[in-house]
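Below: one structure, written as structure tokens.
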Amino acid sequence: MSRLTSLWISLGLLCAPALLLLLLSPLLTGPITHQLLKAKERELLAYQEELNKVLEHGIESQLAHFKFDCGAEDMALLRAPNYYSRLIRLAGLQSADGKSCSTLGAGLPQLTGIEGKPLPSGFGLTATESVFGTEQELMVYVKRSGNLAYWVLSNSWTHELLRTPCEACFYLELTHHDPALAHLYFPRGNADIMSQPHAIKLSHLYERQQVQQTLWAGTALRQHAAERIRHIGLLITLPLGLLLAAGYWLLRNYRNSLDGLLKLGLQRGEFLPFYQPIVDSRTHEVVGHEALIRWRRGGDFISPGAFIDYAERQGLIIPMTEQLVRQVVADLKQLAAPQWVSVNLVAAHVERPYLQELLTRLHWPDPDRLTFELTERIPISDMKTAAREMANLGLRGYHFKIDDFGTGYGGFSYLQRLGISRIKIDKMFIDTIGTQDLKRNVLDAIIAFGHKSRMEMIAEGVESQAQLDYLAERGVYLIQGYVFARPMALMDIIHWRPPVKVSRPAE
């Protein structure tokens with residue numbers, strides 16, 4: 001991949017979150033607008049709850065101490081800081097004998113004909129006089145023995161709430177459900193919102209006061225929601241885009257560096273075989289070995305799990321296998337005859353004449369000592385070509401096994417169509433021995449199938465004596481695993497000897 005292509009990809013990743021946000025913005029505007037309306041409704045309800053507490057607790061306490069003579073005690077109560085809050089514009093008294101006073105000093109002159117219907121709590125509700133079309137304010141009052149106490153509630157807090165988070169975003173209506181109080185109607189905000197396209201509303205009934213609150217939102221709030229989406233989205237999408245682009249370059253550099261290191265390793269001959277012996281459990285004699293690739297980097301050996309999948313995807317497994325086979329052929333001279341070595345192959349080795357060409361260049365090594373294992377990790381896509389290649393090699397005496405039988409693609413199909421008569425039972429099934437795992441039934445079925453089909457069977461990954469005994473009882477004697485030995489370098493395997501078999505006393 002060229003550097004220019006990578007730059008275009010990173011630019012696309014950088015811009016992708018922002019472009020996605022632009023595409024989703026129209027879909028998000030409606031839900032965000034509704035959430036903003038819900039949040040405003042909760043805010044209004046919280047303020048109304050605060051107002052109710054003032055009315056129920058503060059006014060009741062204040063009312064109990066009025067003398068209704070507008071004397072010093074009454075004025076002190078009217079102006080007491082613990083009763084006079086931002087929710088009350090003014091409070092006043094009017095006695096039965098005509099005396100009048102308020103927090104302003106003089107009382108209101110228009111209260112002689114006050115009308116209204118008392119609530120269950122004993123309070124009455126009415127409104128201040130409408131003058132020149134200005135907004136009326138809610139008045140709460142109590143009449144006792146011809147005396148009148150009243151509180152004019154401030155509507156400024158309503159306007160303060162309706163102005164946030166944007167001007168002209170909300171319209172509020174407060175109406176009374178009681179027909180006798182139908183004249184109590186308090187609109188606040190921009191009434192044009194009700195007629196705007198896509199206008200939405202939320203209603204709430206205060207059960208105790210029988211007051212209906214209806215909150216509207218329209219175009220202005222939708223525009224504010226869209227701006228908020230863009231603003232917050234930019235704060236999120238820009239770092240996200242940078243993160244994606246940075247992640248891409250980190251991955252690209254890692255892949256490029258791994259690719260480069262693998263190719264350099266091929267040039268330097270860094271891929272070597274480690275040998276794990278395959279032992280006949282009846283005699284404890286070594287019959288052969290599996291060659292397992294290791295990458296020698298400096299003084300360390302890297303296991304194939306760190307690079308083999310990438311090598312297969314990049315097509316590097318073919319030259320790696322060639323390097324491995326060349327070394328195995330050279331090592332056979334130092335391994336005791338008639339021990340054989342088995343080398344792992346992938347589908348690509350037999351879908352094209354790679355293996356045949358390699359063996360030709362190596363002057364056709366002894367087929368009794370060099371065998372091959374076909375892994376099922378990647379399926380064979382061209383079965384016809386693979387069958388032909390393997391048949392040609394079979395004519396020269398080379399044998400194939402199916403590695404990790406039963407775990408990959410088409411194991412039974414390989415046996416039938418490729419003429420393979422040797423299988424290796426995967427460690428996944430061996431690990432079920434001595435457990436209640438259902439895959440143990442699969443293990444028994446594989447063993448039964450192998451015997452019935454006269455297959456040579458090798459058990460991989462055997463780690464315990466219990467597993468060894470279980471397999472021996474079922475006629476599986478060729479064992480590969482830590483129960484005998486780990487994979488070893490050539491010099492170690494030359495000097496390694498299996499443990500001497502100890503005969504068990506007859507029972």
Side-chain angles (χ1 to χ4, degrees), residues 14-55 85-89 127 133-138 153-177 184-244:
L14 179 64
C15 298
L19 293 174
L20 182 62
L21 178 67
L22 289 176
L23 292 173
L24 294 178
S25 182
L27 300 177
L28 295 174
T29 300
I32 296 298
T33 302
H34 189 266
Q35 288 301 316
L36 291 173
L37 184 64
K38 289 280 291 182
K40 183 57 62 179
E41 182 189 49
R42 289 193 296 270
E43 196 174 359
L44 288 167
L45 293 177
Y47 269 81
Q48 186 62 45
E49 183 67 25
E50 184 180 352
L51 176 60
N52 290 341
K53 289 180 180 179
V54 170
L55 294 176
S85 74
R86 65 189 179 90
L87 300 177
I88 298 178
R89 187 178 294 280
T134 57
E135 288 184 351
Q136 294 176 276
E137 294 185 298
L138 184 65
L153 307 182
S154 173
N155 65 7
S156 60
W157 65 271
T158 309
H159 288 289
E160 290 175 6
L161 290 179
L162 295 181
R163 278 196 294 268
T164 58
C166 53
E167 290 284 348
C169 279
F170 300 102
Y171 174 64
L172 176 67
E173 287 183 328
L174 296 172
T175 56
H176 209 286
H177 273 208
L184 296 179
Y185 171 68
F186 299 96
R188 302 286 187 263
N190 181 13
D192 294 337
I193 288 177
M194 293 188 294
S195 59
Q196 291 176 353
H198 309 295
I200 56 176
K201 66 177 181 178
L202 293 173
S203 296
H204 179 81
L205 177 64
Y206 299 99
E207 295 284 352
R208 186 173 179 184
Q209 295 86 1
Q210 287 295 294
V211 173
Q212 177 84 27
Q213 172 186 289
T214 305
L215 182 63
W216 293 78
T219 303
L221 189 62
R222 286 183 64 87
Q223 292 174 348
H224 174 78
E227 290 174 3
R228 176 174 286 192
I229 291 170
R230 288 192 293 270
H231 177 70
I232 297 177
L234 183 62
L235 296 177
I236 296 174
T237 58
L238 182 58
L240 181 59
L242 289 171
L243 186 63
L244 289 173

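FYI, the numbering just counts along the sequence from 1.
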Query - Value rounded to 0.5 Å, distance of CH2 in Trp216 from OG in Ser203 - result: 8.0 Å
Requested in this report: Write down the atom of Phe170, the atom of Thr164, and the distance for their closest heavy-atom approach.
Outcome: CE1-O, 3.4 Å
Query raised in the report: Given the rule in the side-chain contact (heavy atoms from CB on, under 4.5 Å) test, do Leu162 and Leu172 qualify, once you have shown the distances and angles that lead to the verdict?
Result: CA-CA 8 Å; Leu162 295 181; Leu172 176 67; 4.0 Å; yes
Query raised in the report: Between CG of Leu238 and CG of Leu243, what distance do you get to the nearest 0.5 Å?
Result: 11.5 Å
Query raised in the report: Among pairs that include at least one residue of residues 187-201, which meet salt bridge (Lys or Arg N to Asp or Glu O under 4.0 Å), considering only residues two or more places apart or in two chains?
Result: Glu135-Arg188
Report summary line: Minimal heavy-atom distance between Pro239 and Leu234, with the atoms involved, is CD-O, 4.0 Å
**Report entry** Separation of Leu240 CG from Leu235 CG (nearest 0.5 Å)
**Finding:** 12.5 Å
Query raised in the report: Which atoms form the tightest heavy-atom contact between Ala199 and Met194, and what is the distance?
Result: CB-O, 4.1 Å
Query raised in the report: Less than 4.5 Å apart, any side-chain heavy atom of Leu221 and any of Cys166?
Result: yes
Report task. Would you mind reporting whether Leu242 and Leu14 have side-chain heavy atoms less than 4.5 Å apart? Result -> yes
Report summary line: Scanning both residues in full, the closest heavy-atom pair of His159 with Gly189 reads CE1-N, 4.3 Å
Query - CG-CG distance between Leu45 and Leu215, expressed to the nearest 0.5 angstrom - result: 9.0 Å
Report task. I would like to know whether Leu161 and Tyr47 meet side-chain contact (heavy atoms from CB on, under 4.5 Å); could you show each step before the answer? Result -> CA-CA 9 Å; Leu161 290 179; Tyr47 269 81; 3.4 Å; yes
Requested in this report: Decide yes or no on side-chain contact (heavy atoms from CB on, under 4.5 Å) for Leu24 and Leu20, but give the supporting numbers first.
Outcome: CA-CA 6 Å; Leu24 294 178; Leu20 182 62; 3.9 Å; yes
Query raised in the report: Does one side chain, of Tyr171 or Glu173, offer a donor that lies under 3.5 Å from an acceptor on the other?
Result: yes
Report task. Just grab all the side chain to side chain donor-acceptor pair (under 3.5 Å) pairs involving residues 222-237, residues at least two apart or on different chains. Result -> none
Report task. Quick one: which residue pairs count as a salt bridge (Lys or Arg N to Asp or Glu O under 4.0 Å) with a foot in residues 20-48, not counting sequence neighbours? Result -> Lys40-Glu43
Requested in this report: With side-chain contact (heavy atoms from CB on, under 4.5 Å) as the test, would you mind laying out the steps for Leu202 and Thr214 before giving the verdict?
Outcome: CA-CA 6 Å; Leu202 293 173; Thr214 305; over 6 Å; no
**Report entry** Residues forming a salt bridge (charged side-chain N to carboxylate O under 4.0 Å, His left out) with Glu167, sequence neighbours excluded
**Finding:** none
Report summary line: Nearest heavy-atom approach of Ala220 to Ala168 is CB-O, 3.4 Å
Query raised in the report: Is a donor on one side and an acceptor on the other found under 3.5 Å between the side chain of Gln213 and the backbone of Leu174?
Result: no
Query raised in the report: Got a sec, which residues hit ring-ring contact (aromatic ring centres under 6.0 Å, His included) with His198, two or more places apart in sequence or on another chain?
Result: none
Report task. Check salt bridge (charged side-chain N to carboxylate O under 4.0 Å, His left out) between Glu160 and all other residues, then give those that pass, not counting sequence neighbours. Result -> none
Report summary line: All heavy atoms of Thr29 vs all of Thr33, minimum pair found to be O-OG1, 2.7 Å
